[in-house]
Amino acid sequence: MAIRDSAILLVEDNPGDARLIQEYLSETAALHSTVTHVARLSEAFDQLALRPFDVVLLDLTLPDSSGIKSVNRIISKADGAAVVVLSGRDDDQLVALALQAGAQDFLSKADVSAAALARAIRNAIERQAIVVERDVHARISRIVSSTLNMSTVLDDFVSEVRRLIPVDRLVITQIDEPAGTLIDMQVWGVAIPEWDRNPVHPLSDSGAKSTIDAKRGNIGYPDSGPEPGGRYPGQASSKKAGLHSVIFTPLISNDEVIGTLSVKARGRDVYSDRELMLLEEIAHQIAGPIKAADLYDQALMWAQEREHRILLEAEKRELERVSESRSEFISTVSHELKTPLTSISAFIDILSRNRPNNLLDKQLAQLDVMRRNSQRLSMLINDLLDLSRIESGRFELQAEPFDARAMLNDLVVSFGPIFSDKSQSLTVTGLDQPVWVRGDQARVSQVLSNLLSNACKYSGPGATIRLIARATGDFVEFEVQDTGIGIAPGDLGQLFTMFFRADNVQTRSVPGTGLGLAIAKTIVDLHGGEIRVKSKVGEGTQFSFSIPGVIDAEAAAAELQLGAVPVVPKSRLEDIPAESPSAGQPAA
Ligand code: ADP
């Protein structure tokens with residue numbers, strides 16, 4: 001190891017001896033030393049506190065301290081410097097004690113010569129370096145074995161490395177072999193913004209590539225040309241960050257490169273083979289624990305994931321249980337409500353039919369209100385029953401051929417009074433002849449009822465609602481257009497969700513449960529059809545849905561076993577007649 005530019009602290013109170021030693025030191029060209037001379041131990045402490053020294057030459061008889069005590073005291077302050085003891089007496093026992101106390105060498109003033117001094121200093125520095133190295137390795141072992149989490153001990157680790165090697169930036173990476181990437185696990189010191197922005201780098205971009213391939217450390221030269229292992233893609237950004245020297249070493253565990261340990265320094269040509277060897281040893285020392293930490297982290301992560309999954313499953317089961325009992329409750333209550341409601345509706349009918357004998361017009365009008373409210377209640381109960389059927393997966397269709405035109409006619413008749421009540425008109429365009437569809441008539445009619453009822457509810461008095469029906473190929477399509485309040489674009493995506501109602505004054509002023517459209521979509525989906533919506537706030541809304549299953553009249557008749565059903569061709573788009581306004585009138 002070179003001992004050029006060693007900093008030497010000479011602690012000597014005898015001016016003659018001090019001068020002689022300084023002369024010897026300046027004569028020894030190989031030493032290139034800078035010597036600081038003090039005459040008292042307390043002054044030596046001051047110097048040691050100011051800057052690091054490589055060697056302390058210590059006279060054992062000083063005005064403020066003497067003998068082995070001086071050795072002990074200077075070693076406690078020397079912070080890694082080698083201590084060489086100078087004594088006027090040739091005392092074997094003192095030599096032994098001084099060496100035992102940690103001095104690296106012992107020189108009798110009587111034997112001092114330039115050559116002896118140079119040899120003693122060189123040996124002392126080398127021995128001291130070995131002591132420091134051993135100490136650093138011991139401490140690193142303690143640090144990495146104390147925890148499996150490297151980030152908590154990174155600072156301690158780096159300060160140990162810095163006792164051996166100049167370091168302004170240190171990076172520990174892990175290799176993701178399948179992804180071909182290098183991941184920065186720990187980064188300490190000077191930042192390299194371009195590099196640090198993202199912790200994952202393609203392996204090929206890294207200066208460590210040749211280190212990994214060769215399974216050996218190497219020194220990079222960010223400033224110079226393409227030496228072996230020299231140039232690397234990150235070097236421009238290193239230079240920009242003021243880092244001019246670099247060493248890459250592989251982290252090898254079980255003969256496999258699991259990552260890298262690299263150091264960078266500001267100075268130029270800071271690193272030699274010695275620093276490379278030292279860093280390789282440190283890399284060797286930490287590779288196992290880092291691999292273990294990685295496995296430990298993975299095991300921890302898996303354990304947490306498993307725990308999370310178990311919790312989620314328990315939550316899911318609980319939610320299912322709650323949902324089941326909710327469905328059950330809704331179903332029971334709805335059935336219980338239905339029975340008395342049926343009897344109320346029946347008596348309303350009976351009373352209404354008694355008119356000529358008993359009832360006044362006023363009472364009849366009141367009966368009408370009762371009928372409409374009981375119908376509303378009945379629809380609500382039916383919606384709740386549908387909800388519980390959908391939630392429990394018991395919602396089924398009863399499909400058989402039905403005539404879509406007849407169904408429309410019935411609907412238009414039953415909606416007549418509802419539109420009239422709000423002075424609204426219903427325009428029907430569409431099927432000019434029977435269109436046979438294989439589906440669940442009651443359910444398809446329910447979808448249309450919901451759309452018509454919404455068009456009525458969410459449009460103002462006097463509005464015109466258009467109902468368009470058409471048969472195209474296998475499909476029959478229905479469209480309900482209104483000129484009502486419209487739906488905000490942000491609400492369109494949630495319209496078909498159970499219980500969704502738009503959050504605005506107009507909607508809140510109209511009674512509703514938010515169930516109708518969700519049930520409508522379930523019905524259309526179960527038919528294999530599609531429901532769509534277009535809307536503009538303040539202008540109006542168009543809902544349309546199509547149902548497949550259009551069949552010809554003969555097939556319908558055969559299926560229904562009705563015997564002779566008139567054979568009429570399916571209606572087609574071009575057959576649809578011009579619009580025929582008919583407030584509350586049956587479709588054509
Ligand atoms: P309900 O009408 O009982 O609230 P629906 O499921 O039928 O429930 O409709 C859900 C929501 O969609 C309504 O609350 C309303 O906000 C909005 N909506 C449905 N149809 C229309 C329409 N024709 N015009 C404006 N908004 C509508």
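Whatever order the structure lists ligands and atoms in, that order sets their numbers, starting from 1. Computed from heavy atoms alone, side chains included, the values below leave out hydrogens, waters and symmetry copies. The first residue in the sequence is number 1, and the count goes up from there. Quick caveat: nothing in here was measured; it's all calculated off a predicted structure.
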Notebook entry, point to check: Ion pair present between Arg321 and Glu318, side-chain N to carboxylate O less than 4.0 angstrom?
Noted result: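 The answer is yes: the pair qualifies as a salt bridge.
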Check: Does Asp432 pair with Arg405 as a salt bridge, N-O distance under 4.0 Å?
Finding: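 No, no charged N to carboxylate O under 4.0 Å.
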Mind listing the N or O contacts between ligand 1 and protein, cut-off under 3.5 Å?
| unit_1 | atom_1 | unit_2 | atom_2 | d |
| --- | --- | --- | --- | --- |
| ligand 1 | 2 (O) | Asn454 | OD1 | 3.2 |
| ligand 1 | 2 (O) | Lys457 | NZ | 2.9 |
| ligand 1 | 2 (O) | Tyr458 | OH | 2.7 |
| ligand 1 | 3 (O) | Thr513 | N | 2.9 |
| ligand 1 | 3 (O) | Gly514 | N | 3.2 |
| ligand 1 | 4 (O) | Tyr458 | OH | 3.3 |
| ligand 1 | 4 (O) | Arg501 | NE | 2.5 |
| ligand 1 | 4 (O) | Arg501 | NH2 | 3.4 |
| ligand 1 | 4 (O) | Gly514 | N | 3.3 |
| ligand 1 | 6 (O) | Gly516 | N | 3.2 |
| ligand 1 | 6 (O) | Leu517 | N | 2.8 |
| ligand 1 | 7 (O) | Asn450 | ND2 | 3.4 |
| ligand 1 | 7 (O) | Asn454 | OD1 | 3.4 |
| ligand 1 | 7 (O) | Asn454 | ND2 | 2.8 |
| ligand 1 | 8 (O) | Gly514 | N | 3.2 |
| ligand 1 | 14 (O) | Tyr458 | OH | 3.2 |
| ligand 1 | 14 (O) | Arg501 | NE | 3.2 |
| ligand 1 | 16 (O) | Ala502 | N | 3.0 |
| ligand 1 | 20 (N) | Asn454 | ND2 | 3.3 |
| ligand 1 | 23 (N) | Asp482 | OD2 | 2.9 |

Check: How would you list, by chain and number, every residue that makes a side-chain contact (heavy atoms from CB on, under 4.5 Å) with Glu194, sequence neighbours excluded?
Finding: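 Counting only residues at least two positions away or on another chain, Glu194 forms a side-chain contact (heavy atoms from CB on, under 4.5 Å) with Ile192, Arg197, Ser237, Lys240.
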Next item on the list: Under the ring-ring contact (aromatic ring centres under 6.0 Å, His included) rule, collect the residues that match up with Phe543, sequence neighbours excluded.
Entry: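 With sequence neighbours excluded, Phe543 shows a ring-ring contact (aromatic ring centres under 6.0 Å, His included) to no residue whatsoever.
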Checklist line | Partners meeting ring-ring contact (aromatic ring centres under 6.0 Å, His included) with His527 (sequence neighbours left out) | finding: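 Scan of His527 (ring-ring contact (aromatic ring centres under 6.0 Å, His included), adjacent residues dropped) gives none.
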Checklist line | From CA spacing to verdict: salt bridge (charged side-chain N to carboxylate O under 4.0 Å, His left out), Arg443, Asp386 | finding: CA-CA 11 Å; Arg443 291 301 189 180; Asp386 284 347; 2.9 Å; yes
